[in-house]
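Everything numeric in this text was worked out from a predicted model, so none of it was measured. When reading the values below, keep in mind they use all heavy atoms of this one structure, side chains included, and skip hydrogens, waters and symmetry mates. Quick note on labels: first sequence line is chain A, next is B, and so on, each numbered from 1.
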Amino acid sequence: MRVSQYMISTLREVPAEAEVVSHQLLVRAGMIRKLSAGVYSYLPLGWKVMQKIANIIREEMNQAGGQEILMPIIQPAELWQESGRWSVYGDELFRLKDRHQRDFCLGPTHEEIITDLVRREITSYKQLPLLLYQIQCKFRDERRPRFGLMRSREFMMKDLYSFDRDEEGLDISYNKMFQAYVNVFKRCGLSFRPVEADSGAIGGSSTHEFMVLANSGEAEIVYCSDCDYAANVERAESLIRENNDKEAEKERELLHTPGMHTIEQIAEFVGVNKEKTIKTIFYESDKGVICAVVRGDREINEIKLLNQIDATELKLANDETVKRITGSDPGYVGPIEIKGIEIIVDEEVLQLKNAVAGANKEDYHFINVNYGRDFQATKVADIRTVKAGDFCPRCGAVLNSARGIEVGQVFKLGIKYSSKLGATYVDENGQEKPIVMGCYGIGVGRTMAASVEQNHDEKGIVWPVAIAPFEVIIVPATMKDDRQAEIAEKLYQDLLKAGIDVIIDDRCERAGVKFTDADLIGYPYRITVGKKTVSENTVDLKTRSTGQEITLQLSEAAEYVSRLVIENR
RNA sequence: CGGGAUGUGGCUCAGCUUGGUAGAGCGUUCGGUUCGGGACCGAAAGGUCGCAGGUUCAAAUCCUGUCAUCCCGACCA
């Protein structure tokens with residue numbers, strides 16, 4: 001390709017609307033343009049990167065036994081009503097009506113459609129297992145699209161669905177996909193981690209998210225410093241340290257604590273650290289008012305709590321409700337003498353001895369509170385939010401935390417959709433059984449954005465070779481010198497012949513302009529043809545990622561660069 | 001959905017407080033000089049000031065409404 005003929009439209013200035021670096025650079029480098037909030041066009045350079053990522057995904061899916069299909073974007077409401085998600089999905093679902101007033105939606109995901117397809121086509125165990133996937137636009141009417149391609153309303157996604165006879169088969173498919181995902185993200189040159197995740201409303205036994213490590217990530221993960229345990233904080237667990245101190249249980253006492261309504265104030269006032277206090281929070285849910293109890297230095301993990309009470313909605317109880325139940329303002333509440341509602345106590349609280357807790361009386365706390373003697377849970381469970389410094393639930397080593405961008409998720413669905421939609425097969429005993437499903441998604445655009453988040457510097461993008469829009473750019477310092485132009489052209493042809501994805505900057509621009517564009521767009525390798533090329537038969541090769549520049553003999557340049565590119569693909 | 005901010009040539013922004021009929025830089029086009037890190041000189045094109053009302057002799061500027069975009073939060077397969 002020739003830059004003079006290609007749609008290269010770089011911007012010198014940062015567009016005002018772009019906040020995160022990937023958004024800024026993708027726009028400045030002429031990869032994407034916004035049409036509307038969360039809706040983007042992909043320009044030739046950006047689309048080329050998308051296709052390279054898609055092809056890597058495609059190869060790995062095929063390798064794992066996947067078969068590519070393409071399903072409709074427009075989906076009839078009937079199927080969604082059948083699965084029950086028409087009413088559950090909410091405002092995030094783009095809904096529309098046709099001229100006959102029939103309801104449709106734009107697909108945010110394709111479980112219904114694929115399950116419908118499979119229930120019509122698959123009838124026998126002989127046809128299983130089956131892995132089907134597509135790379136397709138998805139639509140979600142995000143409440144707040146943001147960060148460019150990271151959270152958009154229309155986005156490219158690879159989604160694969162696995163169909164198996166039973167849980168064992170699902171495990172095999174799941175593991176295949178897990179490995180395929182590792183391959184994909186490795187090949188894309190990303191630094192990532194698979195983490196255990198919460199399965200959320202979708203249910204299911206196991207799910208992992210693939211997180212690209214980046215400070216701009218929306219998700220927080222913890223990972224073990226020693227073993228390979230890693231989890232989204234939404235679900236992360238931590239080891240409880242046994243309390244071995246021989247301190248005897250003391251008599252519970254009421255303490256006057258005027259104005260002390262935060263954990264910090266109380267801990268300081270009583271002269272203990274926060275780990276020796278008890279935090280009590282009341283929630284309202286669709287299962288009624290809930291009392292949640294954690295150690296004072298802890299945050300409640302609302303997702304875990306939600307899972308414990310099997311509710312779908314949870315919000316902090318207002319002051320009125322708290323007062324009705326405890327007789328006190330929220331600053332002085334505790335788990336003692338709370339009756340008639342569910343009390344979920346974090347397992348860690350059981351280790352506390354002679355702790356401090358609210359007395360359910362304004363300006364008063366209890367000291368020397370002990371679980372069992374002074375209060376009881378209706379359920380003891382893990383409801384705390386894990387943080388860096390906690391101990392690994394697997395091996396006991398210290399946990400670290402990091403931020404990540406979720407680029408993929410693998411999910412064991414089980415029979416949730418197949419049973420609702422009647423996707424069954426007949427086994428060798430003539431028994432009809434529901435097909436056991438899994439679903440596996442990768443955000444293609446998000447992967448592109450995540451790569452930029454991870455690979456950039458002050459000059460622009462630094463693409464890994466595998467997903468760069470072009471692998472090599474040849475820059476003749478000036479096109480006015482016929483010799484330079486000729487040599488550059490020859491080099492270009494040689495690299496093309498060698499199968500290298502190469503572009504030549506044949507514009508009549510000053511060298512500086514071409515260099516700046518090249519750095520911004522982020523081609524991994526740049527060959528400069530200049531005066532020295534003509535006089536000394538050498539060219540300069542600059543590696544974008546390291547900034548290192550070396551001089552090559554012209555005669556061996558094509559071969560050298562070809563080898564370098566192929567090695568790093 | 002709650003809170004905040006912003007809409008002025010293609011891009012970044014000034015002008016608005018104190019109303020008088022629109023500016024700069026970058027980009028674009030043309031001519032010339034330059035030519036290995038976003039050059040310089042000269043000329044030119046390009047704007048219903050988001051939209052709709054209102055106030056006024058007169059509105060980019062004041063008022064009301066509305067739409068869009070961005071940020072924070074809530075929410076989220």
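Looking at which nucleotide of RNA chain B each of A/Val14 and A/Arg144 is closest to, the 5′-most match is held by A/Val14. If you find the closest nucleotide of RNA chain B to A/Arg140 and to A/Phe147, the one lying nearer the 5' end belongs to A/Phe147.
Judged as a side-chain contact (heavy atoms from CB on, under 4.5 Å), and not counting sequence neighbours, the contacts of A/Asp159 are A/His110, A/Gln134, A/Lys138, A/Tyr161. Remark: A/Ser451 pairs with A/Asn455 by the side-chain hydrogen bond (donor to acceptor under 3.5 Å, both in side chains) rule, at least two apart or across chains. Every residue meeting the ring-ring contact (aromatic ring centres under 6.0 Å, His included) condition with A/Phe192, not counting sequence neighbours, appears here in chain and number order: A/Phe185.
When the P atom of B/A77 is taken as reference, atom CD of A/Glu142 falls 10 Å away, rounded to whole Å.
A/Asp517 comes within contact range of at least one nucleobase, with a heavy-atom separation under 4.0 Å. In this structure, A/Thr528 reaches the bases: a heavy-atom distance under 4.0 Å links it to at least one base atom across the strands shown. Using a 4.0 Å heavy-atom criterion, one finds that A/Arg33 contacts no nucleic acid atom at all.
In terms of heavy atoms, A/Ala64 sits closest to A/Ala180 at CB-CB, 4.3 Å.
Here B/C70 sits opposite B/G4 as a Watson-Crick or G-U wobble pair (both hydrogen-bonding atom distances under 3.5 Å). The partner of B/G46 cannot be assigned: no Watson-Crick or G-U wobble pair with both contacts below 3.5 Å exists in any strand. In this structure B/A59 sits in no base pair that meets the Watson-Crick or G-U test at under 3.5 Å. Look at B/C40: its Watson-Crick or wobble partner, with both distances under 3.5 angstrom, is B/G32. The partner of B/U64, taking Watson-Crick or G-U wobble pairs whose two distances both stay under 3.5 Å, is B/A52. If you check B/G27 for Watson-Crick or wobble pairing at under 3.5 angstrom, you find it has no partner at all.
Taking 4.0 Å as the cut-off between side-chain N and carboxylate O, A/Asp457 and A/Arg544 count as a salt-bridged pair. Salt-bridge check for A/Glu218 with A/Arg151: passed, with a basic side-chain N closer than 4.0 Å to an acidic carboxylate O.
Counting non-hydrogen atoms of other residues, nucleotides and ligands closer than 6.0 Å to CG of A/Asn215 gives a total of 12 or fewer.
Taking the centre and axis of the six-membered ring of A/Phe104, the NZ or CZ atom of A/Lys97 falls outside the cone set by 45° and 6.0 Å. Seen from the ring of A/Phe155, A/Arg140 does not count as a face-on cation partner, given the 6.0 Å and 45° thresholds. Geometrically, A/Arg95 engages A/Trp86 in a cation-pi contact defined by less than 6.0 Å to the ring centre and at most 45° from the axis.
Comparing the same atom, C1', in B/G25 and in B/U66 gives a spacing of 33 Å after rounding to whole Å. B/U56 and B/G15: their P atoms are spaced 28 Å apart (whole Å).
Listed in residue order, the members of residues 208-217 of chain A having a heavy atom less than 4.0 Å from RNA chain B come to none.
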Run the numbers on A/Asp198 and A/Lys304 for salt bridge (charged side-chain N to carboxylate O under 4.0 Å, His left out), then give the verdict.
CA-CA 9 Å; A/Asp198 179 68; A/Lys304 286 182 181 176; over 6 Å; no
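For A/Phe94 and A/Tyr89, the ring centers sit 6.0 Å or farther from each other.
A donor-acceptor contact under 3.5 Å links the side chain of A/Lys542 to the base of B/G37. The base of B/G37 is paired with the side chain of A/Arg526 by a donor and an acceptor separated by under 3.5 Å. Judged by distance alone with a 3.5 Å cut-off, a donor-acceptor contact links the side chain of A/Arg151 to the base of B/C76. Under 3.5 Å, the side chain of A/Glu509 and the base of B/G37 form no donor-acceptor pair of N or O atoms.
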Nucleotide N/O to protein N/O under 3.5 Å, stretch nucleotides 30-34 of chain B:
unit_1	atom_1	unit_2	atom_2	d
B/U34	O2	A/Arg510	NH1	2.6
B/U34	O4	A/Lys480	NZ	3.4

Provide a list of protein-nucleic acid N or O atom pairs under 3.5 angstrom, restricted to nucleotides 66-69 of chain B.
unit_1	atom_1	unit_2	atom_2	d
B/U69	OP1	A/Ser36	OG	3.3
B/U69	OP1	A/Ala37	N	2.9
B/U69	O3'	A/Lys34	NZ	2.9

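Look at A/Arg12 and you'll find a side-chain N or O under 4.0 angstrom from OP1 or OP2 of B/G27.
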